[in-house]
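Because the structure is predicted, anything quoted here is derived from the model rather than measured. In what follows, every chain begins at residue 1, and chains take the letters A, B, ... in the order their sequences are listed. All values below come from the heavy atoms of this structure, side chains included, with hydrogens, waters and symmetry mates left out.
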Protein chains: 2
Amino acid sequence: MDIQLAVIDDHDLFREGLKLVLNQVEGLHVVYDTSNGLRFLEMLDQVPIDIALMDIDMPGINGIELTERALLQKPDLKVIAVSMFSDTGHYTQMIHAGAKGFVLKKASKFELEQAIRAVHQGGNYFSQEILQKMAFHYTNQAAGCDQLTGREIEIISLICQGLTSQEISERLHISIKTVETHRSNIFQKVGVKNIVGLIMWAIKNQYYSVQ
Amino acid sequence: MDIQLAVIDDHDLFREGLKLVLNQVEGLHVVYDTSNGLRFLEMLDQVPIDIALMDIDMPGINGIELTERALLQKPDLKVIAVSMFSDTGHYTQMIHAGAKGFVLKKASKFELEQAIRAVHQGGNYFSQEILQKMAFHYTNQAAGCDQLTGREIEIISLICQGLTSQEISERLHISIKTVETHRSNIFQKVGVKNIVGLIMWAIKNQYYSVQ
DNA sequence: TTGGTACTAAGGGTTTTCCCCGATCTAAAA
DNA sequence: TTTTAGATCGGGGAAAACCCTTAGTACCAA
């Protein structure tokens with residue numbers, strides 16, 4: 001019996017190509033594909049799907065929320081994230097949502113096949129780049145505090161508004177050194193190396209909106 | 001006679017899929033594909049290629065420099081950018097380099113086919129999203145604000161990607177002092193006081209896309 | 001009571017940003 | 001031919017960002 005796959009990705013060209021690539025592989029079969037996450041949820045009970053290959057950044061409902069809702073609806077579904085980005089914000093949220101694998105879009109078809117087979121047999125698969133970031137965060141961090149604290153989120157917002165550390169310290173009536181400490185902690189947690197990366201991360205993860 | 005296509009993209013999965021999708025289309029034939037820009041330049045004289053479908057963001061030599069060098073080597077080659085991003089920095093540089101078309105990776109295969117046929121007949125093709133941004137900038141520049149030069153737009157794009165002035169100077173093979181001068185001029189023209197303001201401005205005015 | 005987490009703070013360092021200033025070269029435009 | 005705009009490069013300096021380490025306090029929960 002073939003492994004029954006679904007592809008959820010709003011990029012038509014990529015989705016179309018992925019379907020062709022995977023159907024060429026012995027033992028794999030793409031039985032459903034869509035650009036629309038909500039439509040996927042509707043079809044989930046009607047089409048027999050083993051593994052869903054899911055993009056994260058999509059308009060409307062994103063891959064993280066979609067994974068959560070899909071697993072609530074069908075707990076034995078397996079989800080593999082197939083994403084453009086390997087940043088911490090993306091993969092931690094995806095893992096937390098219940099994804100069993102994370103493969104980058106720049107992967108080869110062999111790697112993707114490997115991920116599918118591993119997850120189908122009840123295992124996990126994470127691409128090398130993700131594993132390295134995990135290891136980095138694991139070793140460089142005092143165990144597991146991956147989530148941002150309230151104060152940190154507050155400071156992210158102020159940084160995104162263009163305030164300097166000096167200005168933030170005045171606004172919050174704390175020392176500039178405290179602000180700098182928070183800043184460093186945020187960079188580490190989020191996995192970026194400077195303010196530009198932080199802003200991009202914050203916008204991507206909706207910690208800050210541009211409009 | 002089929003239209004002979006080449007695909008240059010470092011994302012294996014996407015390139016593989018694109019090849020399959022295009023070869024399904026009547027009258028199109030992918031005769032060469034690679035993830036390596038320099039190898040493409042070597043093959044350019046040996047394989048008969050009408051149109052190159054080129055990614056922009058690639059490790060090593062990027063799509064912009066690659067387009068310039070390919071057109072120098074084979075002036076009758078036609079280049080269509082197939083990019084993830086539709087920001088001004090990307091498409092202005094690509095047009096300047098000599099690309100005849102610009103299609104997003106989230107396009108449908110029908111749109112890509114349309115672009116290929118238009119360019120093959122000596123025309124241009126730019127996706128709707130690009131055209132709208134062009135119009136947006138055209139009208140906004142008519143409304144009086146200082147106009148940015150090509151180099152300045154290029155540098156805005158690199159700043160938004162998180163590169164320091166040092167890194168930008170290395171990427172563009174110019175002095176760090178030159179980068180700093182451009183930076184100051186950009187701040188003055190745009191009317192912001194630091195890098196955070198610039199990034200917010202760039203995103204708001206669609207000089208850079210977050211996703 | 002002990003341990004973990006969050007928030008606070010500081011020292012002391014390097015790197016980068018940001019802001020002056022002036023300057024040369026080239027190509028296009030007037 | 002002269003002017004102008006764009007790109008290039010430099011010195012010097014103040015401010016801000018960034019990095020690493022250590023540490024006190026308060027609070028909550030096991």
Side-chain angles (χ1 to χ4, degrees), chain A residues 88 92 136-202 207, chain B residues 64-65 68 88-89 92-93 95-97 141 144-202:
Chain A
T88 313
T92 50
F136 178 83
H137 287 123
Y138 183 76
T139 52
N140 278 43
Q141 223 170 307
C145 52
D146 238 339
Q147 287 196 338
L148 294 163
T149 68
R151 199 56 150 177
E152 284 165 351
I153 292 172
E154 195 175 358
I155 285 174
I156 287 176
S157 175
L158 294 171
I159 290 174
C160 289
Q161 287 167 43
L163 276 68
T164 64
S165 294
Q166 179 68 54
E167 290 165 340
I168 292 172
S169 75
E170 285 161 9
R171 176 81 70 92
L172 300 179
H173 308 295
I174 55 177
S175 157
I176 186 172
K177 274 295 183 183
T178 307
V179 177
E180 286 178 346
T181 302
H182 283 307
R183 250 184 129 112
S184 296
N185 292 337
I186 291 166
F187 286 165
Q188 281 235 315
K189 283 185 181 180
V190 167
V192 299
K193 76 173 174 62
N194 59 27
I195 220 168
V196 181
L198 177 63
I199 290 172
M200 293 305 171
W201 180 90
Y207 279 87
Chain B
I64 293 148
E65 200 182 332
E68 283 168 355
T88 312
T92 50
Q93 287 179 78
I95 291 170
H96 188 254
Q141 282 175 359
C145 65
D146 266 338
Q147 203 165 327
L148 293 162
T149 68
R151 199 57 150 173
E152 284 165 351
I153 291 173
E154 197 174 357
I155 286 173
I156 287 176
S157 176
L158 294 171
I159 290 174
C160 289
Q161 286 168 43
L163 276 68
T164 65
S165 294
Q166 179 69 50
E167 290 166 338
I168 292 173
S169 75
E170 283 161 10
R171 176 82 69 93
L172 300 179
H173 308 295
I174 56 178
S175 157
I176 186 173
K177 274 296 181 183
T178 307
V179 178
E180 286 179 345
T181 302
H182 284 305
R183 249 184 131 111
S184 297
N185 293 336
I186 290 166
F187 286 162
Q188 192 124 42
K189 282 185 181 179
V190 167
V192 298
K193 73 176 175 60
N194 59 27
I195 218 169
V196 181
L198 177 63
I199 289 171
M200 291 308 172
W201 178 91

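- OP1 or OP2 of D/dC9 has at least one side-chain nitrogen or oxygen of B/T178 nearer than 4.0 Å.
- Checked against C/dC18, D/dA16, D/dT8, the side chain of B/N194 finds its nearest nucleotide in C/dC18.
- The separation between A/L163 atom CG and D/dA15 atom P is 18 Å, rounded to whole Å.
- Residue B/R151 places its CZ atom among more than 12 non-hydrogen atoms of other residues, nucleotides or ligands, all under 6.0 Å distant.
- Within the 4.0 Å cut-off from OP1 or OP2 of D/dA5, not a single side-chain nitrogen or oxygen of B/T149 is found.
- For C/dC7, the base has no donor-acceptor partner in the side chain of A/T181 [N/O atoms by modelled type, under 3.5 angstrom].
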Could you go step by step and tell me if B/S157 and B/Q161 meet the side chain to side chain donor-acceptor pair (under 3.5 Å) rule?
CA-CA 6 Å; B/S157 176; B/Q161 286 168 43; 3.2 Å; yes
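- Counting non-hydrogen atoms under 4.0 angstrom, A/E180 reaches a base of the nucleic acid.
- Among D/dA7, C/dC18, D/dA17, the nucleotide with an atom closest to any side-chain atom of A/S165 is D/dA17.
- For B/K177, the listed nucleotide lying nearest its side chain is C/dC19; candidates were C/dC19, D/dA17, D/dT8.
- Using a 4.0 Å heavy-atom distance criterion, A/I195 is classed as a sugar-phosphate-only contact.
- With C/dC7, C/dC19, D/dC9 as the choices, the nucleotide that has an atom nearest any side-chain atom of B/S175 turns out to be D/dC9.
- For B/I176 and D/dG11, the CD1 to P distance is 12 Å, given to the nearest whole Å.
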